[in-house]
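One structure below.
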Amino acid sequence: MYFKIKFCPNESCKEHKNPSEGFYSKKGYFKTKWNAQKVPRYICKTCNRTFSTHTFRKTYQQKKPYLNEPIRRSLSEANTIRGVARELGMSKNTVMKKLVFLGEVSKETCEENWEKPENKVEKVQFDELETSHRTQCLPLTIAFAVDTEKGNILSAHVDIKPCQNNLADISRTKYGKRPNNREIAVRALLKDIKKIAKSEKNLEISSDKLAAYRDWVHEELPLASHTTFSGTDLKKRERDLNDDGFDALNFDEDLFNKKIWVKRRKNGRIVIKAFDPLFHINQKCALLRARLSRLKKRFWGFTQKIENLEHHLWLFIALSNNFKLKV
């Protein structure tokens, strides 16, 4: 593949910022160790810095760049860091370094793709997912959003939150009082949605009926329309329809608007099921739990560093959206 040299990699050289035509010349070849590929080498006529086409790649100085894609896919299929290392026959430290590298490149790739007009969104659903940092006494919140039309995960932000379950007293005793940074994570997510949206006026946002969501969306996206749904109301409506049958109030209207559907079981019994208006965000939440080992419940794999969780999330987002990494 032909690669055009645009500038000198030496930052102190004048050919780095303002390169002139023909500022370099050929200077032999070298062979890569991992595939014995013959790569041409060049030299800058101004500073005598030697370089090649591989110098400008993100995989520059990597000894095994061919392992990036297998590690990327393996980490997105519920494998742990040590599990990937055993499978591919390498050190877990190598897999960890690859995770950081791939996470950073994946985030850059996602941000570049959201600038394209065909990837702009009009309908978005967002929610929060809870996980742990080293122990269940140190919970984390993951605020993420999904494109309702294409089903792509748009962005994700991780931050800390206080423990509020039966381990709350142990958490305060052992680790002290933890700040609640849920608002910081959600507001950062809403700012990303504003950048990705086609138009703020035509943007439709959906979420559950958390009272704070209404205030945060109104402050960050005042021109967008915000619709909230309650899972409790959905289940109650489903129970009422199954108890009352087809003569229930607004049954025909709900059936026409695809809010419910009729399901016939093998035993001949007819059951009415309610349509989940937040299906896309709930489905992606379940997908994250299933395909990221560190997000599974009742599992040995805990997140040891918050930044590694962010890298893992961006790696999965780029892969699930079919974004090709530029490495």
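With Lys284 contributing its side chain and Gly151 its backbone, the two residues share a donor-acceptor pair below 3.5 Å. Distance alone, capped at 3.5 Å, is enough to place a donor-acceptor pair between the Arg289 side chain and the Leu295 backbone. Without hydrogens or angle criteria, Thr32 side chain to Trp34 main chain gives no donor-acceptor distance under 3.5 Å. No donor-acceptor pair closer than 3.5 Å links the side chain of Ser171 to the backbone N or O of Leu167. Judged purely by atom type and a 3.5 angstrom limit, Ser225 uses its side chain to pair as donor or acceptor with the backbone of Leu203. Checking side-chain atoms of Asn79 against main-chain N and O of Ser74 turns up a donor-acceptor pair under 3.5 Å. Side chain of Asn119 to main chain of Asn113: a donor-acceptor pair is present (N/O by atom type, distance under 3.5 Å, no hydrogens or angles). Counting only distance, with no hydrogens or angles, the side chain of Arg41 and the backbone of Ser52 share no donor-acceptor pair below 3.5 Å. Under a 3.5 Å cut-off, the side chain of Thr80 and the backbone N or O of Gly83 do form a donor-acceptor pair. Formation of a donor-acceptor pair under 3.5 Å by the Lys120 side chain with backbone atoms of Lys195 is found in this model.
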Can you list, pair by pair, the side-chain donor-acceptor contacts under 3.5 Å of residues 309-317, counting residues two or more places apart and other chains?
| unit_1 | atom_1 | unit_2 | atom_2 | d |
| --- | --- | --- | --- | --- |
| His312 | ND1 | Arg294 | NE | 2.9 |
| His312 | NE2 | Leu75 | O | 2.9 |

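Take Arg187 and apply the side chain to side chain contact (heavy atoms under 4.5 Å, CB included) test, not counting sequence neighbours, and it matches Glu183, Trp216, Glu219, Glu220. Checked against ring pair (Phe, Tyr, Trp, His ring centres under 6.0 Å), His16 has the following partners two or more places apart in sequence or in another chain: Phe7.
For the residue pair Asn165 / Gln136, no side-chain donor-acceptor distance below 3.5 Å is found, with atom types taken as modelled.
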Problem - side-chain contact (heavy atoms from CB on, under 4.5 Å) between Arg134 and Tyr175, worked out - result: CA-CA 12 Å; Arg134 299 200 321 261; Tyr175 301 102; 3.9 Å; yes
Exercise for the section: I would like to know whether Lys63 and Lys33 meet side-chain contact (heavy atoms from CB on, under 4.5 Å); could you show each step before the answer? Expected result: CA-CA 8 Å; Lys63 296 181 179 180; Lys33 292 183 179 180; over 6 Å; no
Exercise for the section: With side-chain contact (heavy atoms from CB on, under 4.5 Å) as the test, would you mind laying out the steps for Arg49 and Thr55 before giving the verdict? Expected result: CA-CA 12 Å; Arg49 164 73 186 270; Thr55 307; 4.2 Å; yes
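Across every non-hydrogen atom of Ala145 and Ile193, the tightest pair is CB-CD1, 3.8 Å. When all heavy atoms of Ile281 and Phe144 are compared, the closest pair comes out as CD1-CE1, 3.4 Å. Minimum interatomic distance between Leu189 and Ala143 (heavy atoms only, all atoms of both residues): CD2-C, 3.8 Å.
Judged as a salt bridge (Lys or Arg N to Asp or Glu O under 4.0 Å), not a single pair has a partner in residues 7-31 (not counting sequence neighbours). Note on residues 94-111: pairs passing salt bridge (Lys or Arg N to Asp or Glu O under 4.0 Å), not counting sequence neighbours, are Lys58-Glu108. The ring pair (Phe, Tyr, Trp, His ring centres under 6.0 Å) pairs that include a residue from residues 104-139 are Trp114-Phe323, Phe126-Tyr213, where partners are two or more places apart or lie in different chains.
Counting only heavy atoms from C-beta outward, the side chains of Leu325 and Arg72 approach each other to under 4.5 Å.
The number of heavy atoms from other shown groups lying within 6.0 Å of NZ (Lys123) does not exceed 12.
Rounding to the nearest 0.5 Å gives a distance of 6.5 Å between CG of Asn321 and CD1 of Ile153.
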